[in-house]
Amino acid sequence: MPIQEKKYKEYLSQEYEPVDESAMPYLVDIRAIKAYADSKGVAIASLSDEEKQQFMIPNPNYRKKRRHGIAAVF
């Protein structure tokens, strides 16, 4: 089996944990940003950062991870 194929199968076998919503500081209104990009006739990726930030909503459930030990001082 070629090395590339072996690495690919290892990648597929990895299991990923779902992202906890409370770990995300912002949520994105996907429907609104898609409609905005479509109205301009461009892809979402080609929008400027300022345009994208219009659709970022602060997450009310966001909890910053607390650091422990010496890392908490810095």
Side-chain angles (χ1 to χ4, degrees):
M1 177 182 323
I3 294 173
Q4 187 175 14
E5 185 178 342
K6 183 178 177 182
K7 286 183 178 182
Y8 179 68
K9 288 186 179 192
E10 287 175 8
Y11 170 78
L12 290 178
S13 69
Q14 294 175 354
E15 292 185 21
Y16 294 96
E17 301 267 335
V19 176
D20 184 18
E21 183 180 308
S22 65
M24 298 169 40
Y26 292 95
L27 303 173
V28 179
D29 187 352
I30 298 293
R31 187 177 295 176
I33 197 169
K34 174 79 169 113
Y36 178 77
D38 287 346
S39 71
K40 289 188 74 172
V42 297
I44 293 173
S46 65
L47 295 174
S48 69
D49 289 339
E50 292 81 22
E51 289 174 310
K52 291 177 189 174
Q53 286 179 352
Q54 295 175 29
F55 303 98
M56 294 177 72
I57 305 162
N59 184 356
N61 299 323
Y62 175 63
R63 287 178 275 150
K64 284 187 177 182
K65 290 185 179 179
R66 297 224 162 114
R67 295 189 209 174
H68 301 287
I70 193 146
V73 176
F74 298 104

Spacing of Lys9 atom NZ and Lys6 atom NZ [to the nearest 0.5 Å]: 11.5 Å

Tyr26: partners by side chain to side chain contact (heavy atoms under 4.5 Å, CB included), with sequence neighbours left out: Met56, Pro58

List, one per line, each side-chain donor-acceptor pair under 3.5 Å for residues 30-39, sequence neighbours excluded.
from	atom 1	to	atom 2	distance (Å)
Lys34	NZ	Asp38	OD1	3.1
Lys34	NZ	Asp38	OD2	3.3
Tyr36	OH	Glu51	OE2	2.8
Ser39	OG	Tyr36	O	2.7

Stepwise side chain to side chain contact (heavy atoms under 4.5 Å, CB included) check, Lys52 with Val28: CA-CA 9 Å; Lys52 291 177 189 174; Val28 179; over 6 Å; no

Euclidean distance, Ile3 CD1 relative to Glu10 CD, rounded to 0.5 Å: 10.5 Å

Qualifying residues under side chain to side chain donor-acceptor pair (under 3.5 Å), relative to Gln14, sequence neighbours excluded: Tyr16

Single-linkage hydrophobic cluster, 4.5 Å side-chain cutoff, Ile44 and Phe55 together: yes

Distance-minimising heavy-atom pair for Asn59 and Met24: ND2-O, 2.9 Å

